[in-house]
Amino acid sequence: MAECEYVGDCPFYNGDNDEEVKNKYCRGNNLNCACYMIYSSCGKDKIPADLQPDQKTEAYLIIAQES
């Protein structure tokens with residue numbers, strides 16, 4: 001899978017975060033990324049600053065609140 005389309009604007013990717021995590025979620029399968037899920041459904045401004053890519057439950061809650 002190619003690099004996520006949102007890396008240039010993603011708060012997680014552009015923060016000081018682990019390169020292994022970026023490889024897994026940002027440069028790998030971004031469909032499993034909580035940040036990607038929120039960004040594509042609700043917009044960048046809805047991504048909490050401290051959200052980690054593996055926090056899908058939090059992402060589901062945010063998306064449900066915005067729907």
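What's counted below: heavy atoms across the whole structure, side chains too, no hydrogens, waters or symmetry copies. Numbers here are sequence positions counted from 1.
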Original post:
Is the shortest heavy-atom distance from the side chain of Val21 to the side chain of Phe12 under 4.5 Å?
Top reply: yes
Original post:
What distance separates Asp54 CG from Lys24 NZ, expressed to the nearest 0.5 Å?
Top reply: 7.5 Å
Original post:
Do Tyr6 and Tyr36 have ring centroids that are under 6.0 Å from one another?
Top reply: yes
Original post:
Distance from Tyr60 atom OH to Gln65 atom CD, nearest 0.5 Å?
Top reply: 15.5 Å
**OP:** Would you give the length of the straight line joining atom CG of Asn14 to atom CG of Asp16, rounded to the nearest 0.5 angstrom?
**Re:** 11.5 Å
Original post:
So does Arg27 pair up with Glu19, basic N to acidic O under 4.0 Å?
Top reply: yes
Original post:
Any idea which heavy atoms bring Lys44 and Pro11 closest together, and the distance?
Top reply: CG-CD, 4.4 Å
**OP:** Might you point out which heavy atoms bring Tyr13 and Val7 nearest each other, and give the distance in Å?
**Re:** CD2-O, 3.4 Å
Original post:
What heavy-atom pair brings Lys56 and Pro53 nearest, and what distance separates the two atoms?
Top reply: CG-O, 4.3 Å
**OP:** Please round to the nearest 0.5 Å and tell me the distance separating atom CG of Leu51 and atom SG of Cys33.
**Re:** 7.5 Å
Original post:
On the ring face of Tyr39, is Lys46 found with NZ or CZ under 6.0 Å from the centre and within 45° of the axis?
Top reply: no
Original post:
Would you say the side-chain atoms of Gln55 pair up with the backbone N or O of Gln52, donor to acceptor, closer than 3.5 Å?
Top reply: yes
Original post:
Minimum heavy-atom separation for Ile47 to Cys35, with atom names?
Top reply: CD1-O, 3.7 Å
Original post:
Where do Ile63 and Met37 come nearest, in terms of heavy atoms and distance?
Top reply: CD1-O, 3.7 Å
Subject >> Ile62 versus Ile38, closest heavy-atom pair with distance >> reply: CD1-CD1, 3.6 Å
